[in-house]
There are 2 protein chains.
Amino acid sequence: MATRVTLSEVAELAGVHRGTASRALNPQTESQLNIDTVRRVKQAAESLGYVPDALARGLRMSRSMTVGMIIPDLTSPIFPPIVRGIEEILQPQGYTALLTNSDGDLAVESSLYDSLRQRRVDGLLLATGRLDEQPVLARAQADGVLAVMVNREAGRAPFPAVIADSQAGIRMALDHVLELGHRRIVHLSGPTSFSTTRQRREAFVAAARGVAGLEWGVHEAADLSIAEGERVMAEVLATSHRPTAVLAGNDLLALGALHTIRRAGLRCPEDLSVLGFNDMPFAGDLSPALTTIHVPLRQIGCESARMLLQAINSGVQKPITRTLPVSLQVRESTGPVPA
Amino acid sequence: MATRVTLSEVAELAGVHRGTASRALNPQTESQLNIDTVRRVKQAAESLGYVPDALARGLRMSRSMTVGMIIPDLTSPIFPPIVRGIEEILQPQGYTALLTNSDGDLAVESSLYDSLRQRRVDGLLLATGRLDEQPVLARAQADGVLAVMVNREAGRAPFPAVIADSQAGIRMALDHVLELGHRRIVHLSGPTSFSTTRQRREAFVAAARGVAGLEWGVHEAADLSIAEGERVMAEVLATSHRPTAVLAGNDLLALGALHTIRRAGLRCPEDLSVLGFNDMPFAGDLSPALTTIHVPLRQIGCESARMLLQAINSGVQKPITRTLPVSLQVRESTGPVPA
DNA sequence: TTGTATGCGTTATCAT
DNA sequence: ATGATAACGCATACAA
């Protein structure tokens, strides 16, 4: 393990003092120096292969140039695009993300918060947090830590958020199946403890109420998983008056519903239409290709990173919720109401 | 922004010296102290909400407790499980991963390497690097940086690696289609600059040569993408003597092949069987469900993280390649040879 | 324009 | 068993 080159060694080689070398290598202060000195220092740094120490710098400036991120589960398909969006913005600004997974466990979240705070992250990107209990948000608020909610709203904590337009999405989904003639429609809701799925549920109920002669219902899943989609769909199929269309709270629930439908010997979309939400990667390659609401996932990531960086640079944080537009993506899982 | 609590403040409240407080809070050294002192310090820390500063500690101990990771693209479906496996091992040991994406660009890789080294990562997890050009590996070697290759082999650089058993996988895939009666088989190879896809290609050629009466060929994709799968499969369909089975170098190529097959008005598996490699998430939900070689992705992550941690803790690094077993996952995309 | 000195928050060595 | 002191590598206020 080769020993690291420090600023002092560079200074020595260039024949100047540490402080001068520091100034020469910092674009901000480089102008205060003799142009020739700057050149000499830079050359010395180059020839020694000098790499500044971010730890020392961070300690001195009390800025780590890192951002902490807590998500439930990276293998949940919506997160990879979101994370890439975030890094796309962070990286050119010299920031790096510390990515952690909580699996939705509040205790784990809390300990991840500790770990990230220990590392002196300059801000937090939170794709986690339920509306009912938010230990991390409460602590971040108490500690004066900057944070942006990603694809979730903060509830009562005063943090900015970047989310997709659930209301418009549900409206589009409902209109789509209404146009196809469906009049018995069920919403497969996610847990009401998540702001996203709760919004979708409320949007569905509000919209459904406004349609005369519509038979509708809501079935709630305990989490946003394929397994829960399967389970709740089975529940739906067991009801006396089967719906002809199902609007799922997200794509995973929709995929689970697809499984149950097939297993029950029914066909989608001939017997039953299914709609997802999110347009996760490969939604179009499923069997049948999933009609869903497209959410600009990567953009959600970009936007939240931008908001956080802005907060970090300005030091102020306004609890604004930024809502990104969605669109209907019609594929194979929806069709005309069966005769 | 609440001001941070430092060790000195804790010490003051407990009525001891900084150094003593430090020892009291460190499980390693806690035993040297009076048990009552330890209690007092811990209580003071608790009541003040003390959070140790990882930057300062890292600077002092020259250990950042972070690990850098360079992958081509997080949205490539094999990486989320791998990354989760890595974090599963890292987190309980107090390590955090700095995740970065290179998009396969060598210049980007190199600059990511700089950025990670600046941050004094204790080691590197590299899921990147081509066999022909490996600037990052060469630099890591020169700088004496510990690194483990993830799902890639190092080529000439002396780094350990964790990979899946490509040879056995290809053998299984080939045997499977041979049993189904296929005798005209094509391998959709990934670029030979990647160690994985090169191994699969070589394994295919070797195995195919050993089968009497087999008509076989290899078509090479420029990268591991759906689009390339589509393109190369079109090339295959344009040949005079169409194969009845296609073994793809990975699932994305297979999925692209599926697209082209459908677009050409052919059916899979009735007209043409297709096999993937990796068993990426949702491979079983594609249309048709993809028969593929299951690779223990999460385990690859776990294993590489373990190897890296071991190297960090011991300071020594042996260039051992650990090969993990794979299995055949039969689903819907393979069937008997058409009559 | 450049050198000097100090401190960021820890841990570790050496005293006591 | 604990206190004093130095050092990790850097940036900056101050002095020259």
Side-chain angles (χ1 to χ4, degrees), chain A residues 1-42 44-45 48-66 94 117-122, chain B residues 1-42 44-45 48-66 94 117-122:
Chain A
M1 181 87 77
T3 168
R4 294 177 64 93
V5 176
T6 74
L7 195 52
S8 294
E9 305 177 50
V10 174
E12 190 175 12
L13 179 62
V16 298
H17 190 270
R18 284 214 316 280
T20 309
S22 172
R23 283 182 276 248
L25 263 22
N26 182 340
Q28 298 272 355
T29 51
E30 153 182 356
S31 58
Q32 323 172 351
L33 260 49
N34 187 319
I35 189 162
D36 190 59
T37 310
V38 173
R39 208 180 42 68
R40 252 177 29 248
V41 172
K42 282 191 172 163
L48 290 177
Y50 170 67
V51 178
D53 186 321
L55 257 41
R57 175 183 285 163
L59 178 59
R60 175 65 228 249
M61 323 234 313
S62 48
R63 261 204 168 197
S64 65
M65 298 302 276
T66 60
R117 195 161 144 66
Q118 255 193 301
R119 297 197 136 80
R120 297 195 68 142
V121 292
D122 296 333
Chain B
M1 182 86 78
T3 166
R4 292 178 66 92
V5 176
T6 74
L7 195 52
S8 294
E9 305 178 48
V10 173
E12 190 175 12
L13 179 61
V16 298
H17 191 269
R18 284 214 315 280
T20 309
S22 172
R23 282 183 278 247
L25 263 22
N26 183 340
Q28 299 272 354
T29 52
E30 154 183 353
S31 58
Q32 322 172 353
L33 260 48
N34 187 316
I35 189 162
D36 189 60
T37 311
V38 172
R39 209 181 39 69
R40 250 177 32 247
V41 172
K42 280 190 174 165
L48 291 177
Y50 170 67
V51 179
D53 186 323
L55 257 41
R57 176 183 284 162
L59 177 59
R60 177 61 229 241
M61 322 234 312
S62 47
R63 260 204 169 197
S64 65
M65 299 300 276
T66 59
R117 196 160 145 65
Q118 241 186 306
R119 297 195 136 81
R120 297 197 67 141
V121 292
D122 296 333

Candidates dG3(C), dT2(C), dG3(D) - which lies nearest the side chain of Gln32(A): dT2(C)
Pairing of Arg40(A) and Asp36(A) as salt bridge, 4.0 angstrom limit: yes
Reckon Thr29(B) touches a base, only the sugar-phosphate, or nothing at all at heavy-atom distances under 4.0 Å? nothing
Take a 6.0 Å sphere around CD of Glu12(A) and say whether it holds more than 12 heavy atoms from other residues, nucleotides or ligands. no
For Arg119(A) and Thr66(B) the tightest heavy-atom approach is NE-CG2, 3.7 Å
Whole angstrom is fine here: how far is it from CD1 in Ile35(B) over to P in dT2(D)? 11 Å
Output the single nucleotide from dA4(D), dA1(D), dT2(C) whose closest atom is nearest the side chain of Thr20(A). dT2(C)
How far apart are the C-alpha atoms of Lys42(B) and Glu30(B), what are their side-chain angles, what is the distance that settles it, and do they pass the side-chain contact (heavy atoms from CB on, under 4.5 Å) test? CA-CA 11 Å; Lys42(B) 280 190 174 165; Glu30(B) 154 183 353; 3.3 Å; yes
Just to confirm, is there a sub-4.0 Å distance from OP1 or OP2 of dT2(D) to any side-chain nitrogen or oxygen of Thr37(B)? yes
Specify the residues of residues 54-63 of chain B, ordered by number, for which at least one heavy atom lies under 4.0 angstrom from an atom of DNA chain C. Ala56(B), Arg57(B), Arg60(B), Met61(B)
Take the protein atom CD of Glu12(A) and the nucleotide atom P of dG3(C), then report the distance between them rounded to whole Å. 13 Å
Looking only at non-hydrogen atoms, find the nearest pair between Leu33(A) and Thr20(A) and report the distance. CD2-O, 3.5 Å
More 5' along DNA chain C: Arg18(A) or Val38(A), using each one's nearest nucleotide? Val38(A)
In this structure, how many angstroms lie between the C1' atom of dG9(D) and the CG atom of Asp53(A), rounded? 6 Å
Trace of the side-chain contact (heavy atoms from CB on, under 4.5 Å) decision for Arg120(A) with Arg4(B): CA-CA 10 Å; Arg120(A) 297 195 68 142; Arg4(B) 292 178 66 92; 3.4 Å; yes
For Thr6(B) and dG9(C), is the shortest distance between a side-chain N/O and OP1 or OP2 below 4.0 Å? no
Any Ser22(B) side-chain N or O less than 4.0 Å from OP1/OP2 of dT11(C): yes
In whole angstrom, give the distance that lies between atom CE of Met65(B) and atom C1' of dT11(C). 14 Å
Is there a side-chain contact between Leu7(A) and Leu25(A) (heavy atoms, below 4.5 Å)? yes
Check the distance between dC8(D)'s C1' and Leu7(A)'s CG and give it to me in whole angstrom. 14 Å
Check the distance between dG9(D)'s P and Arg119(B)'s CZ and give it to me in whole angstrom. 18 Å
May I have the step-by-step check of side-chain contact (heavy atoms from CB on, under 4.5 Å) for Val41(A) and Val10(A), ending in yes or no? CA-CA 7 Å; Val41(A) 172; Val10(A) 174; 4.1 Å; yes
Closest approach to the side chain of His17(B), judged atom by atom: which nucleotide of dA13(D), dT5(D), dT1(C) is it? dT5(D)
If you compare all heavy atoms of Arg23(A) against all heavy atoms of Thr29(A), which two are closest, and at what distance to 0.1 Å? O-OG1, 3.0 Å
Has the side chain of Arg120(A) got a donor or acceptor atom sitting under 3.5 Å from an opposite partner on the base of dG9(C)? no
Interatomic distance where CZ belongs to Arg4(B) and C1' belongs to dG7(C) [whole Å]: 16 Å
Output for pair (Met61(A) CE, Leu55(B) CG), nearest 0.5 Å, gives 11.5 Å
Rounded to the nearest angstrom, tell me the gap between atom CZ in Arg23(B) and atom P in dC14(C). 13 Å
How sharply is the helix from dT1(C)-dA16(D) to dT16(C)-dA1(D) bent, taking the axes over five pairs at either end and rounding to 10 degrees? 40°
